[in-house]
Amino acid sequence: MSGPQFRLPAHVPMGGRIDRETPLAFTFNGESFNGYAGDTLASALLAYGSFPLARSFKYHRPRGIYGAGAEEPNALVQLESGGRAQPNLRATQIELYGGLTATSVNAWPSVDFDLMRINDWLSPLFPAGFYYKTFMGGGLGAGRWWRLFEPFIRRAAGFGRAPTAPDPDRYERMNAHCDVLVVGGGPAGLSAALAAANRGCRVILADEQAEPGGDLLAGDRSIDDAPAMGWAAAALARLGAAPDVRVLDRTTVAGLYDDNFATAVESVGDRFGPGAPNHLPRLRLWRIRARQIVLATGAHERPYAFANNDTPGVMLGNALRHYAGRYAVVPGRQVLLGTNNDSAYRTARLLAQAGVGVTLADARETPPAALADAARNAGAAVEAGCAIAAVVGDRRVRGASIGRILPDGEISGAPRLVETDLIGISGGWNPALHLASHRGAKPAWQEEQACFAPGDLTPLGVRTAGAVTGVGSLADCLEQGYAAGRDAARAAGHTKRTRKPALKTGDETATAPIHPLWAVTSRRPGSRRNKSFVDLQNDVTVKDVALAARENYRSVEHLKRYTTLGMGTDQGKTANVTGLALMGMATGRTPEAVGTTTFRPPYTPIPFGALAGRDRGDLFDPVRETPMFDWHAANGAVFEDVGQWKRPYAYRRDGESLKAAIDREVRAVRNEAGVMDASTLGKIDLKGPDVATLLNRVYTNDWETLKVGRARYGLMCHEDGMIFDDGVTARLGDDHYVMTTTTGNAATVLNWLEMWLQTEWPDLQVFATSVTEAYATATVAGADGRKLVSGLESDIDWSDDAFPHMAVRTGTVLGVPARVFRVSFSGEASYEINVPAHYGLALWQALIDGGATPYGTEAMHVLRAEKGFIIVGQETDGTVTPHDLGMGWAVSKRKDFIGKRSYGRPDTARADRKHLVGLLPLDSKTVLPEGGQIVSDPAQEPPMTMLGHVTSSYNSPSLNGGFALALLKNGRNRMGDTVHILRLDEGADPARVVAPTFYDKDGGRMRG
Amino acid sequence: MLLIHCPYCGPRDETEFSYGGEADIARPLEPEALSDAEWADYVFMRTNTKGRFREQWVHSHGCGRWFTLVRNTVTHERGETGVFGGVVPEADG
């Protein structure tokens, strides 16, 4: 690459936003380049010429930089590498920093030699809808072809590569509130922010660029006979001095939501690259709630289409103006500007002043005389009634043909060749109405400038000002901005009157109407490779739009999905309006009648890191640990996640397998005494005179008869009669109960009780309070359980007579207040000892010292399954009633409760529903797969008749073999039958249907 | 994200609230007196209103209180709020 030959020399008074004293070296596609502080990657590269730096999505045609901002469709790059890599960034929005490294995307093996260019030469085979017709249609074997070609197509398509290493950077989130949020720091936005700030509003001004100024940054505008950037600097100084004004530069407002909530992404450390100071987050996500919003988001220039308008060196006209005026870069010597409106004259003047040759082809027969004269005086040639027909050149612009344009966009006669190496195209302006669209504003067609402008959102507290409304003059922008800022302040309650500044904008002339022009066509046959692109990013051509119209994909939504127009990272910022206008011409409709697709957030792509913020790694989700956690961790516990809790699954001794540990723990409980950390059980404290009434209504069984000092098991159902929780509730006093819930359901159950108490039964006097974390719970269970607890220093009488099964006692244990529930989930005599959480570890240690074997959740599962005790969420799945589980004994027939009436519905009353049964594999060494489907005939051709599934399955050291619980259709009437359980891979295991209790069927052991 | 006016706490972000579906679905006082169809209507059927809709919300990450809110399901425009079984307190802002 030769030097930066297209950077204007320092004596040309342009390029006011770069700092020539601060050169920066960077690397692109492995080659070294130099730019200046203030450059973007795009401007620094363009100083070396408009060479190809990308390949197009479908045809892999060479592409160069096209725009100067968010609208850029072509110049997507992969920035940096490793964990910091960012794919598909717009080179036009990357601030240059020293040492920056970027590469092209979508080019294989390289941007200069791309094998996939063959797609371009084969393009007659790839019309719009090609993939759909070939692979997805109803044709014979279409699906087979897709499976064959998909990997190839996926590799050939697509842009950058997602980073594969973890992102080493930090991201953060900020919440902010303000009276007025101004989006866009151009003349309208600055004016609006000043007007609101002067009234004492809390103002946030967000601007996506490295410095506010918007269009003024090009440096060729004046306000009050002085350079307009001087006014902008003064405005920023005043905003900076105002209390409660926050100016966020490098901040893109990505989305607007209900009630004026906005999300914005601020580039903080990102602009310094990998060498950013450590204390800075890379990006900051702002969540802003504003009383009022002013959208001063400007407009994107749009092109008109002509043959090979994608050649590197064809750019947006106004982008050329910005590169010259802001960065002192003009990537050509002889510029051809094609336009149909006034704005290109400013570009022509500036480029002529920069010393390059300029030809301006204006599609209008009579351009405004004052503009044309001024352009000619500056040295530009003006061709009226002319448009660009085609580009000569493949990898860069070597010339172009222009001709007289007829009203329908066709060139009259033979176009003539003109010498040019840089083309600027200016087909009008599309207001950046994306954010207004997020709030539901329907775009309205404006005939004068042939554009869609946002509809009125004032009732929602959203106003628009400046180019986003479709106006073109600087005076209008300043005026509208002031008015919008003032009105927003008033609506936010700041009614202080201030004086409106009178500003003179010397460089304005009245704006003449545009001559709508969407695509130039020529009757002369061109090369097969001549293509006129509407959407550069998605390689959608004028012909593709016509094809969609012919095939009746006429709705704008169908047009988008059939041709991919407006998809991709740029979401059609330069393409949408042209595409729908062409569809309108093909179908005899106005652009307004065709309408637009809906813009949705984000305005420009947001890295996932910014959205995740600090909610990653250890901070992704809270981890809940019980007071005994450290002991578990130090004693071989293997943890499992139950909700957010870390629970010991089993405690492995040195050299012990997990299975051996579980078996040992089960045997310890059955033969000696075990202790389990049950602190995670949900505990809800219930107080008030009406607790029993509440319990009677939410549980299926009777609660009026529960005496103080006793506990009872209950099933909780929804109104459809299906079980959603179970647990034991104990009565501690006349008006005081404590309810336990399953570990994962504690919050759900409390919310459930609150909902009924507040919305349906406000007359019931009950307070429900979560006390889950106030207590630590150690469950002592086993043949020697009572002996063990009797050894604790306590005032509780542990004898079976004084403290029988299903009783609750309060007293002291180890000198601290304790509640002890004698309830059993293991089938052995069992004591749930609750002490204040901070004493949990001491209690636990005392029990271990007393000889208890710690056991984990898996041993607990085995023990309870041997007894046929259910686990909600394992034996139930929201379609299971108490009767299905054989727990009709827990359902009252005398009283009403939530869900009761549903048991009379025909489906719930069926006798052949799925019932809970036990399964014993015929081969006792088999452990059936949980979730395994049950069939009666494993040889049946699919689809097989499925009878149910295995809900729990374990190896039992007590039974010396595998056993399972299952939900089986009509299961209670199949006792003794042999069924088959399908394995997860292939084959099936036979098993005998038995009652779902495998151990101590009369329950004598747990009663002591 | 909606800004919801909790009648007890004032305007708060939607993320502090949980949705409770259609309001005014009173639990039948005598379920056993209902036909299966009437019971099923209470348990399963909701109006799925397009337009102004009275619904229940709970300020789950705030005061924990349930209240009713009229919301336009098309535009999100909010109407009056109501409280259950008591007097509307003074909202603080």
Side-chain angles (χ1 to χ4, degrees), chain A residues 175 177 255-263 287-291 439-440 457 459-461 601 697-698 717-722 747-748 750-765 767-770 893-909, chain B residues 1-5 7-8 11-45 54-61 63-68 71-72 74-78 82-87 93:
Chain A
N175 295 299
H177 293 78
L256 285 195
Y257 304 87
D258 290 296
D259 297 324
N260 288 345
F261 182 76
T263 54
R287 308 196 293 184
I288 302 166
R289 180 75 74 176
R291 286 208 165 89
R439 291 305 314 275
L457 287 171
L460 298 181
R697 292 180 186 178
V698 297
C717 296
H718 286 148
E719 283 284 34
D720 61 5
M722 305 302 160
T748 311
L750 182 61
N751 293 342
W752 178 249
L753 299 179
E754 277 293 338
M755 182 189 75
W756 286 100
L757 284 170
Q758 289 186 39
T759 70
E760 198 69 31
W761 305 316
D763 53 310
L764 292 189
Q765 295 186 51
F767 281 110
T769 311
S770 169
K893 290 199 168 47
R894 288 180 297 133
K895 56 142 196 176
D896 187 27
F897 58 85
I898 293 172
K900 184 181 191 189
R901 174 64 184 81
S902 288
Y903 301 134
R905 298 180 61 240
D907 187 63
T908 19
Chain B
M1 178 166 55
L2 298 179
L3 188 67
I4 294 174
H5 287 252
Y8 302 92
R12 296 289 189 275
D13 280 345
E14 182 183 349
T15 47
E16 294 185 13
F17 298 84
S18 302
Y19 187 58
E22 185 169 2
D24 312 316
I25 308 288
R27 186 169 199 274
L29 292 175
E30 289 185 67
E32 299 300 327
L34 301 184
S35 70
D36 283 349
E38 286 167 335
W39 178 252
D41 187 62
Y42 156 67
V43 176
F44 300 113
M45 304 308 284
R54 235 169 82 87
E55 55 198 16
Q56 303 186 142
W57 288 80
V58 58
H59 195 182
S60 34
H61 298 289
C63 63
R65 301 303 301 267
W66 285 84
F67 57 94
T68 61
R71 179 180 63 99
N72 187 311
V74 180
T75 63
H76 272 340
E77 195 180 336
R78 258 59 51 72
V83 300
F84 289 96
V87 198

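We name chains A, B, ... by the order of the sequence lines, and we start the count at 1 in each one. Note that these values count all heavy atoms, side chains included, but never hydrogens, waters or copies made by symmetry.
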When A:Lys900, A:Glu754, A:Met755 are compared by non-hydrogen pairs under 4.5 Å with chain B, the top option: A:Met755
Chain B contact via A:Asp720 - side chain, backbone, both or neither, heavy atoms under 4.5 Å: both
For B:Phe17, ring-ring contact (aromatic ring centres under 6.0 Å, His included) partners two or more places apart: B:His59, B:Phe67
Toward chain B, the part of A:Arg289 with a non-hydrogen atom under 4.5 Å: side chain
Any donor-acceptor pair under 3.5 Å from B:Gln56 side chain to B:Thr68 backbone: no
Contact origin within A:Glu760 toward chain B - heavy atom pairs under 4.5 Å: side chain
Members of residues 23-31 of chain B whose heavy atoms come closer than 4.5 Å to chain A: B:Ile25, B:Ala26, B:Arg27, B:Pro31
Between A:Arg439 and A:Asn260: side-chain donor-acceptor atoms closer than 3.5 Å: yes
ring-ring contact (aromatic ring centres under 6.0 Å, His included) against A:Trp752, all qualifying residues, sequence neighbours excluded: A:His718, A:Phe724, A:Trp756
Most contacts with chain B, counted as non-hydrogen pairs under 4.5 angstrom, among A:Thr759, A:Ile898, A:Asp763: A:Thr759
Residues in ring-ring contact (aromatic ring centres under 6.0 Å, His included) contact with A:Phe767, at least two apart in sequence or another chain: none
Quiz item: cation-pi between A:Arg697 and A:Phe897, 6.0 Å / 45°: no
Distance-only side-chain donor-acceptor flag, A:Ser902 / B:Trp39, under 3.5 Å: yes
